[in-house]
Amino acid sequence: MSVADNIHQLKSKLPAGVKLIAVSKFHPAETVMEAYDAGHRVFGESRAQELKAKQAILPTDIEWHFIGTLQRNKVKDIAAYIHTIHSVDSLKLLEEINKQAAKQGRIIRILLEVHIAQEASKQGLSPEECTDLLKDIRLSDYPNIKICGLMGMATDTDNRDLIRREFHLLRTLFDEIKQNFFPNDSSFSELSMGMSGDYPIAIEEGSTMIRVGTFIFGNRTY
Ligand SMILES: *Cc1c(COP(=O)(O)O)cnc(C)c1O
């Protein structure tokens, strides 16, 4: 199966309202172009350096999403064009994104990353930290970001019930946060969850954005 076939197959089964982020990290720009030529425009990258290099040579109508750990000193490298940053897990990072977006005269969409997996290594706020962060900040102090929702990664496991429980927890937290902090803000509407191995479960649990790499592009060589 070609990249184009994989994209078409995946998109043909996506329910309305679920957006596909094609995760192109570790794959060269030519591979991104195969998906682009198949009509896809939304791509995700996890390293600022790699994104910068690809963005410079790829078509300008690509909608770039940042999904990996983002160091604060790298925000300025992507602030001119990044569409959505999925991996915001501290107030300091949020502040820096607001600052760099202001310098560019832009509004950058962000998602708060919540740690839902059992692995200790994965980044993200705990559900409590996420709620506390929202209690502590005045959104009007950050006019150059828009908090559009939550992102999470389930445990890397064959235990489908565990994966489902983790996605369900994130969905429940999303609903609570929506009600408590964004009741009249239609922008707070995104739930970024689901990867190659678990996106069907994520969709059943309410995902609006799936981040799929391996299924489309094959295995990555690190
Ligand atoms: C790499 C990555 C993905 C894509 O994973 P696949 O298993 O290749 O689909 C999704 N989300 C994040 C945060 C990633 O780092």
Side-chain angles (χ1 to χ4, degrees), residues 1-11 13-14 18-29 31-32 34-35 38 40 42-52 54 62-71 74-75 78 82-90 93 97 109-125 130 148-160 162-164 166-167 169-171 174 190-222:
M1 291 274 276
S2 68
V3 165
D5 289 338
N6 296 339
I7 288 263
H8 291 315
Q9 195 200 328
L10 197 50
K11 278 184 158 172
K13 286 185 297 190
L14 282 191
V18 181
K19 185 169 190 167
L20 171 63
I21 320 288
V23 176
S24 48
K25 66 186 186 194
F26 293 90
H27 292 286
T31 310
V32 177
E34 290 179 40
H40 199 66
V42 186
F43 294 90
E45 287 283 337
S46 63
R47 298 183 303 175
Q49 217 40 44
E50 185 179 347
L51 170 56
K52 198 177 166 185
K54 285 181 190 161
I62 288 180
E63 180 182 305
W64 289 107
H65 290 239
F66 197 87
I67 62 171
T69 306
L70 182 56
Q71 282 160 359
K74 298 283 167 57
V75 175
I78 62 171
I82 197 73
H83 180 274
T84 303
I85 299 176
H86 291 228
S87 43
V88 178
D89 63 357
S90 75
L93 179 57
I97 295 168
R109 297 157 46 93
I110 68 166
L111 307 178
L112 298 175
E113 182 173 354
V114 182
H115 180 102
I116 52 171
Q118 290 190 337
E119 292 109 333
S121 63
K122 293 200 174 154
Q123 64 277 13
L125 299 155
C130 185
C148 293
L150 304 180
M151 183 272 242
M153 268 185 280
T155 303
D156 185 9
T157 172
D158 292 334
N159 183 341
R160 328 251 339 137
L162 177 61
I163 294 171
R164 187 177 295 281
E166 290 170 351
F167 285 149
L169 185 142
L170 189 60
R171 169 60 195 270
F174 172 89
E190 303 289 0
L191 195 46
S192 168
M193 56 186 199
M195 309 177 19
S196 293
D198 56 22
Y199 73 85
I201 306 176
I203 291 171
E204 285 170 16
E205 294 301 328
S207 173
T208 67
M209 288 178 166
I210 57 170
R211 309 176 310 271
V212 177
T214 308
F215 181 89
I216 298 168
F217 298 112
N219 290 323
R220 293 177 281 274
T221 38
Y222 295 101

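Indexing begins at 1, ligand by ligand and atom by atom, following the structure's order. One is the number of the first residue; the rest follow in order along the sequence.
If you look at Ser196 next to ligand 1, the close heavy atoms, those under 4.0 Å, come from the backbone and the side chain alike.
Taking 4.0 Å as the cut-off between side-chain N and carboxylate O, Lys19 and Glu63 count as a salt-bridged pair.
Met193 contributes atom CE, which lies 13.5 Å from atom CE of Met153 (distance to the nearest 0.5 angstrom).
At the top of the distance list for atom 11 (N) of ligand 1, counting protein heavy atoms only, stands Arg211 NE, 2.8 Å. Protein heavy atom at the shortest distance from atom 14 (C) of ligand 1 is Lys25 NZ, 3.0 Å. The closest protein non-hydrogen atom to atom 5 (O) of ligand 1 is Met195 CE, 3.4 Å.
Compare Ile67, Ile21, Val23, Thr69 by their heavy atoms: the one nearest to atom 12 (C) of ligand 1 is in Ile67.
The closest approach between a heavy atom of His86 and any atom of ligand 1 is not below 4.0 Å.
Close approach to Val212 involves these atoms of ligand 1, each under 4.0 Å from a residue heavy atom: 9 (O). The distance from ligand 1 to the heavy atoms of Gly213 drops below 4.0 Å at these ligand atoms: 4 (C), 6 (P), 8 (O), 9 (O). Residue Thr214 has at least one heavy-atom neighbour below 4.0 Å for each of these atoms of ligand 1: 6 (P), 7 (O), 8 (O), 9 (O).
Remark: the backbone N or O of Leu191 is paired with a side-chain donor or acceptor of Thr208 at under 3.5 angstrom. Between the side chain of Thr84 and the backbone N or O of His65 there is no donor-acceptor pair closer than 3.5 Å.
Proximity of Leu169 to Val114: side-chain heavy atoms (C-beta onward) are nowhere separated by under 4.5 Å.
Across all their heavy atoms, Ser24 and Glu45 have their closest contact at OG-OE2, 2.7 Å.
Cation-pi check for Arg211 over Tyr199 is not met; the charged atom does not lie both under 6.0 angstrom from the ring centroid and within 45 degrees of its normal.
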